[in-house]
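I have placed the structure first, in the form of structure tokens, so that the comments after it can refer back to it.
What you are looking at is a predicted structure, and each value in this text was computed from that prediction instead of being measured. Counting convention: from 1, in listed order, for ligands and their atoms alike.
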Amino acid sequence: MGGGHNGLTAAAYLARAGRSVLVLEAADHLGGATVSARVFPGVDARLSRYSYLVSLMPRAVRDELGLDLRLRRRRVSSYTPLPQDPTRGLLVDTGDAAATEASFARIGAAGDVAGWRELGARTGELARALFPTVTGPLPTSDQARALLGPWWADLVEAPLGDLVERAVADDLVRGVVLTDALIGTFASARSASLIQNRCYLYHVIGGGTGDWDVPVGGMGAVVEALVGAASAAGAELAVRSRVTALHPGADGVEVVWSDDDGTEHRTAAAHVVAGCAPAVLDGLLGATPAEPGPEGAQLKVNMLLTRLPRLRDPDVDPADAFAGTFHVNEGYEQLERAYREAEAGELPTTPPSEIYCHTLTDPTILGPGLRGTGHHTLTLFGLHMPARLFREDPDGARARALEATLRSLDGVLAEPVEDCLALDADGRPCLEARSPVDLETDVGLPGGHIFHRDLAWPWLEDGAAARTAAERWGVATTHERVLLCGAGARRGGGVSGIPGRSAAMALLEG
Ligand SMILES: Cc1cc2nc3c(=O)[nH]c(=O)nc-3n(C[C@H](O)[C@H](O)[C@H](O)COP(=O)(O)OP(=O)(O)OC[C@H]3O[C@@H](n4cnc5c(N)ncnc54)[C@H](O)[C@@H]3O)c2cc1C
């Protein structure tokens, strides 16, 4: 159930292994949070509407399923204007060590070059040690401890803030490091739950390098490739088919689902592989969902521009600044302040966000009329915007959050981004904002949590022994014949196909 990219991955593996597979997807399209869409009326631009970069999809998934998927490396890693003086900023150009060093010096952080490089080398070691494990059964915590070496103390035993503050001294540089811990995760650098540490871990290990690449053709291309693999192997894919109840028994599961016109169907399945969030699955199984439920904390803004905005920093070309991750008001103290404000139920005064431009790396998502004309897509991911801020007045709160976010962005630009927006066929600016509450409605993500629930360590915790294949692969539920295959499984979260593959492996093994 669920035709998100993970459900499709599981379907492709299982169908290729000769199983009879029916995928039931509630929406009128496949892909879940991994989709491209023409968001603006009459405008020929296929935006990656929700997720946009790929890092965590193992080579094995692409090779084993024969996916025709091209990922392109971004030329620049990141650009971060100095909040107190946006006429200067830090440009991290992975291909040019000398330019990066000079940029550190320009913002007065020359002393952090060595610490930054050492942290980069260490995360590289972590990625190379841990990422190869994601295509096998879960390591035990002892095995993980041995693989992590000194990282174990840094990541598993103390809040990430300790490491960040030890590694680098400059507030801006610290902020750039910390953002990897906060994407899709509402936490402080010092949160005792260590959810920020787990988020950091997943953000730096992808592909064994931690690189975040642009899928050529947008996220829709990822899903099209998976749909092709699943269909070619014989899986039946049904959209507008919402599962409304699951009745597991000793020999199989009765699946109750309804189609577009409300007709109820009952299908007997040997197993159910569930790509929805665990909280949704609990409801379908008649269990009381755990409290508190998952909560997402991001504002997502999609834009189409007629030109890239000019920067206040005269030394950096906007085409370089926007080619990587453009950090806005993400200094270490700013991130902390925004977290505290949101935790107290307030909209952050200066919302931190990061921006990506797909079309600088891959213009193919633009129609011929827009390509080569200076038009660019921008996608903004605003941090520390928890669902609780949007519950009471979803439309009003979204408008206020968007206004504050654009104000924050405009503070580091030489011209308001609004002046660069293209217009749609109705003369409206090409700008779409989605809060966590919108994502709950539009994509079925409970609380708008982009990972279905907070990320778990990618190993068996606390010396737990795995008794079943599903437990060994991190996809177990309370019912033997129901397996998780979505982002809420262990090693889920992100566009990876890992839980989809794990569920298929567990089912074929068990
Ligand atoms: C705004 C945003 C930005 C993100 N950015 C990135 C990024 O750049 N890179 C990255 O790696 N990750 C990113 N993520 C996270 C990533 O997109 C998700 O973790 C991933 O898409 C989850 O895939 P999935 O297949 O497990 O679940 P989903 O994509 O959530 O799919 C689940 C599917 O199940 C269906 N479903 C639910 N209930 C039922 C039911 N009762 N019956 C039938 N079907 C049902 C849903 O309709 C949906 O299609 C982002 C997510 C969001 C929302």
Any N/O pair Thr34/ligand 1 closer than 3.5 Å: yes
Nearest-contact summary for atom 51 (C) of ligand 1 - protein heavy atom, Å: Ile450 CB, 3.4 Å
Short side-chain donor-acceptor distance under 3.5 Å, Thr350 and Asn329: no
Protein heavy atom at shortest distance from atom 41 (N) of ligand 1: Val243 O, 3.0 Å
From the candidates His5, Lys300, His452, the one that places a heavy atom nearest atom 1 (C) of ligand 1: Lys300
Salt-bridge criterion met for Glu64 and Arg16 (N-O under 4.0 Å): no
Identity and separation of the nearest protein heavy atom to atom 4 (C) of ligand 1: Ser51 CA, 3.4 Å
Heavy-atom neighbours of Arg70 CZ exceed 12 at 6.0 Å: no
Under 3.5 Å: N/O of Gly494 near N/O of ligand 1: yes
Under 4.0 Å to a heavy atom of Met1 - the qualifying atoms of ligand 1, by number: 39 (C), 40 (C), 41 (N), 42 (N)
Closest non-hydrogen atom pair, Ala11 against Val21: CB-CG1, 3.8 Å
Nearest heavy atoms of Ala401 and Met385, plus distance in Å: CB-SD, 3.9 Å
More than 12 heavy atoms from other groups under 6.0 Å of CD on Glu432: yes
Any N/O pair Val54/ligand 1 closer than 3.5 Å: no
Sub-4.0 Å atoms of ligand 1 with respect to non-hydrogen atoms of Phe381: 3 (C)
Trp257, portion touching ligand 1 at heavy-atom distance under 4.0 Å: neither
Lys300 side-chain N/O to Tyr50 backbone N/O, donor-acceptor pair under 3.5 Å: yes
Per-atom contacts, ligand 1 versus Gly4 - under 4.0 Å to a heavy atom: 25 (O), 31 (O), 33 (C), 49 (O)
N-O pairing of Glu392 and Arg398 below 4.0 Å: no
Side-chain donor or acceptor of Thr359 paired with backbone N/O of Asp362 under 3.5 Å: no
is_close_aromatic(Tyr339, Phe186), centroid dist under 6.0 Å: yes
Contact check: Leu445 vs ligand 1, nitrogen or oxygen atoms, below 3.5 angstrom: no
Polar side-chain atom of Ser48 near backbone of Ser36 as donor-acceptor pair, under 3.5 Å: no
N or O pair under 3.5 Å between Leu53 and ligand 1: yes
Atom 32 (C) of ligand 1 [closest protein heavy-atom partner, distance rounded to 0.1 Å]: Gly275 O, 3.4 Å
Identity and separation of the nearest protein heavy atom to atom 24 (P) of ligand 1: Asn6 ND2, 3.6 Å
Min heavy-atom dist Ser241 to ligand 1 below 4.0 Å: yes
Contact check: Val495 vs ligand 1, nitrogen or oxygen atoms, below 3.5 angstrom: yes
Atom indices of ligand 1, in the order listed, that fall short of 4.0 Å to a heavy atom of Ala487: 19 (O), 22 (C), 26 (O)
Side-chain (Ser408) to main-chain (Ala404) donor-acceptor, under 3.5 angstrom: no
For atom 45 (C) of ligand 1, closest protein heavy-atom neighbour: Ala26 CB, 3.9 Å
Sub-4.0 Å atoms of ligand 1 with respect to non-hydrogen atoms of Cys276: 37 (C), 38 (N)
Closest approach of any protein heavy atom to atom 34 (O) of ligand 1, naming residue and atom: Gly2 CA, 3.3 Å
Closest protein heavy atom to atom 35 (C) of ligand 1, given as residue, atom name and distance to 0.1 Å: Glu25 OE1, 3.3 Å
Subset of ligand 1 atoms that lie under 4.0 Å from at least one heavy atom of Gly486: 26 (O)
Donor-acceptor pair, side chain of Ser241 and main chain of Ala26, under 3.5 angstrom: no
Numbered atoms of ligand 1 (with element) below 4.0 Å of Leu439, judged on heavy atoms: 53 (C)
Side-chain donor-acceptor contact under 3.5 Å, Glu509 with Trp473: yes
Interfacing atoms of ligand 1 (cut-off 4.0 Å, heavy-atom, Leu24): 43 (C), 44 (N)
Minimum heavy-atom distance between Val43 and Asp424, given as atom pair plus value: CG2-CA, 3.7 Å
